[in-house]
There are 2 protein chains.
Amino acid sequence: MSKDGGILARYAMTLETLAAAPDGLSLMEVVQATGLPRGTVHRLLGALRGIGYIAPRGGRKIYVLGPRLLRLLHLGVAPAAVSSLVQPMLEKLVTRFKETAFVAKLVGADVQSVAMVVPGSDGQSYVQPGRVMPVHAAASAKAIFAFQDEALVEEVLSRPRTRYTENTRVEEAELRADLEQVRRQGFALCDEELDPGVLSYACPVHLEGAGVLYSIGLVGLSRRLGDHPRSEVVATLRAAAEAFSKGLPSGLHRPVIGEVPALGEERSG
Amino acid sequence: MSKDGGILARYAMTLETLAAAPDGLSLMEVVQATGLPRGTVHRLLGALRGIGYIAPRGGRKIYVLGPRLLRLLHLGVAPAAVSSLVQPMLEKLVTRFKETAFVAKLVGADVQSVAMVVPGSDGQSYVQPGRVMPVHAAASAKAIFAFQDEALVEEVLSRPRTRYTENTRVEEAELRADLEQVRRQGFALCDEELDPGVLSYACPVHLEGAGVLYSIGLVGLSRRLGDHPRSEVVATLRAAAEAFSKGLPSGLHRPVIGEVPALGEERSG
DNA sequence: AATATAGTTCTATTAAATGGAATTTTCAAA
DNA sequence: TTTGAAAATTCCATTTAATAGAACTATATT
C-alpha cells in the first residue's frame, strides 16, 4: 500500500479543505492548499461533484460541500445530541398550548422521537428517546416521510401496518394521498389514528441542503388541542421548525446564488 | 469511465448504509445491504477506517460512522448558526463577572469571533461576527490553536506577526511554549498582549470526536478582571465550555464502548 | 490584440481496485 | 473439547483507474 494512506486520504483532504473555506474554493485554490497537481485536483473535484459530495456555487467554478454530504453528516449525529438544543423550543410550545411537544428524527427507515416536553406542573420535562413512531399513524413520521426519496417511502410502505383505530390508514393509496397532502400543506395531522381521542400535529424541519430529517409537533387530547385554530397551531409549529433548522448546523456557509446544479448526469457542460 | 459512477459511489453507498444503522453494521450486513462482493466490502471498510470516516464499535467488528466526519460537519457550519446557541451561556458569564464574554471559532486557518455579549445596561448584547483574532495575541485563538494539527500550527506560525504591546509574543519559540502551556493548563491567557490594560481568558471547547473548533472566554480590563481569582474564572469557563460542547451536536450515534481505537496504524489487531 | 492565469484534456506509466477462491478466525451448539 | 457453519480475512491474476506532467483551451486583464 502507499505511504500516504491511499486515495481516500486525498478525497478527505479535499473535502476538509473545502469545508474550511466559508466561501468555497476554485480549483487552483485547492491545488495550492493541498499541494496536489492540477490534473489530479481536477479529477478529484469532478469525482466528488459526480456523487454530490461537493457542488459548484453559483455559475462559477467555485466549489462548496454538497447536499449529499451534509445529509450524511446530519444522519450521523446522535439523536441525543439534538435534544438539548430543542428543549427550549419545546418548552415554549408547551407554555403556549399546554400540550405535549416533541421532536422526531429520521433514523434509518424509522422515525424516532428524540425529545419530548410534557405540560407538567412547572416546566418539568422528560425525554423519551428512541421510540419508533408508526409511519402510517403518527404526524411526526408523516411529516418526515413526505419529503423522502421514493425508494425509502416504498421500503417503508412495504411493511405491514397495524390498524390502531377506526381512523388508522392502512391502505397504501390512502397513505400516499396523506403524504401528498403533507407536501402540499406543509404540515402533518394525525386525528385519532394512533390512539382514540388523541390528536397530533407535526411540521417538517427543512435543513438547508440536507432535506428533511426532523419534525417538530404537538400531541394532545382532541378535545383540548382541537380547540385551538388549526392555522394558529400550524403557524406556531412552522415558526418553531424554522428556528430549529437555523439552530442546527444546517446549511453551507452561504446559500447557493444563481443556477441550481441539476441532478442526474450533466456531462461535458 | 465505468457505468456506476466510479469508486466513490461505492464508498458513499457504504457510508450511507452505515449512517442508516445507528447501532452499526458488520461486514456481512454491509455486503447484504449493498450487494457488493465480500472481498470488496472488506477493503472498502478497511480504507474508510484507515482515514477515520468509520470506526469499529466496541471490540467487535461492527462499524459506525467515525469522528472525522463530525469534524467535517462542524467545519462546514456557518458561524452564525452557533451564536444563538451560546447567547444564554455568554449572558450568564457576563452576569457573573461583569465583563465581556465571547465565543470564537476556527475558520480555515483563522480564529474568528462568533458571538459576543458585553456587560451593557440590561443584558443588551451585540454580536461582532467574523472578526479575525490574531493568533499570537488573543486567548481565544491560542485556546483553539493549541489543539490543532502541527501542519495547521506551522502554517499559522509562518505568517508575520505584529507586536501590539510590550507583552506581545512574536517569537515562534515563545508562542510554541504558550501553546504547550495551554495544553497543560487547559486554558489560555492573554495578559495585555493585544491591548494595553486588557486581560483575556479562553477555554477550548472539546467536541467529542471532532477535536477543538471553538473557544469560549472573557475579556476585560486587567485591573477589574484580574481581581477575580484565576481559578474561579477558569473553573467557570471550563464549565461553560463543557455545556457548550454538550449543547452542540457533537456525538455520533453512540460512544464507543470498550476499547478506544488507537490512532495511527493498528493492523491485524 | 496581447498576455497571463485558470481550467481542461491527453497520455504513457504506475498503482490500485476487482471479485472469486482459498484460508483463517469466530462463535455457538453438541 | 470437539465440531461445524458462518463470518472475516487473505490471496492473486486480471482489469481498471490513478498519476503527474505537459499540451491545450478557455477566461479574464491590461
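Sequence lines set the chain letters: A, B, ... in the order given, protein chains first and strands last, and positions in each chain run from 1.
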Rounded to whole Å, the CD1-C1' distance (Ile7(B) to dG19(C)) equals 14 Å

For Leu45(B) and dA7(D), give me the distance from atom CG to atom P, rounded to whole Å. 15 Å

Go through the structure and list residues passing salt bridge (Lys or Arg N to Asp or Glu O under 4.0 Å) with Glu155(B), not counting sequence neighbours. none

Taking salt bridge (Lys or Arg N to Asp or Glu O under 4.0 Å) as the test, write out the residues that go with Arg43(B), two or more places apart. none

Round to a whole Å and report the spacing from CG of Leu27(A) to P of dT25(D). 19 Å

Without decimals, in angstroms, what is the distance between Met28(B) CE and dA8(D) P? 7 Å

Residues Leu69(A), Leu15(A); criterion side-chain contact (heavy atoms from CB on, under 4.5 Å); working and verdict: CA-CA 10 Å; Leu69(A) 182 60; Leu15(A) 287 177; 4.1 Å; yes

Residues passing the salt bridge (Lys or Arg N to Asp or Glu O under 4.0 Å) test with Arg163(B), sequence neighbours excluded, are none

Whole angstroms only, please: what is the CG-P distance between Leu8(B) and dA16(C)? 16 Å

Sequence neighbours left out, what passes salt bridge (Lys or Arg N to Asp or Glu O under 4.0 Å) with Asp178(A)? Give chain and number order. Lys142(A), Arg169(A)

How many whole angstroms separate atom CD of Glu29(B) from atom C1' of dA6(D)? 13 Å

Looking at Asp110(A) and Arg159(A), is any side-chain nitrogen of the basic one under 4.0 Å from a carboxylate oxygen of the acidic one? yes

Close residues, residues 35-44 of chain A, relative to DNA chain C [heavy-atom separation under 4.0 Å]: Gly39(A), His42(A)

Check the phosphate of dT8(C) against Lys61(A), side-chain N and O only, distance under 4.0 Å to OP1 or OP2. Yes or no? yes

The side chain to side chain contact (heavy atoms under 4.5 Å, CB included) partners of Ala12(B) (sequence neighbours excluded) come to Ile51(A), Tyr53(A), Arg68(A)

Which residue pairs pass the side-chain hydrogen bond (donor to acceptor under 3.5 Å, both in side chains) test with at least one member in residues 144-153 of chain B, sequence neighbours excluded? Arg71(B)-Gln148(B), Glu150(B)-Arg176(B)

Give the rounded distance in Å between these two atoms: CD of Gln32(B) and C1' of dA7(D). 11 Å

Once ring-ring contact (aromatic ring centres under 6.0 Å, His included) is applied, do any residues pair with Tyr11(A), and if so which ones, sequence neighbours excluded? none

What is the bend of the helix from dA1(C)-dT30(D) to dA30(C)-dT1(D) when you compare the axis at one end with the axis at the other, using five pairs each and rounding to 10°? 50°

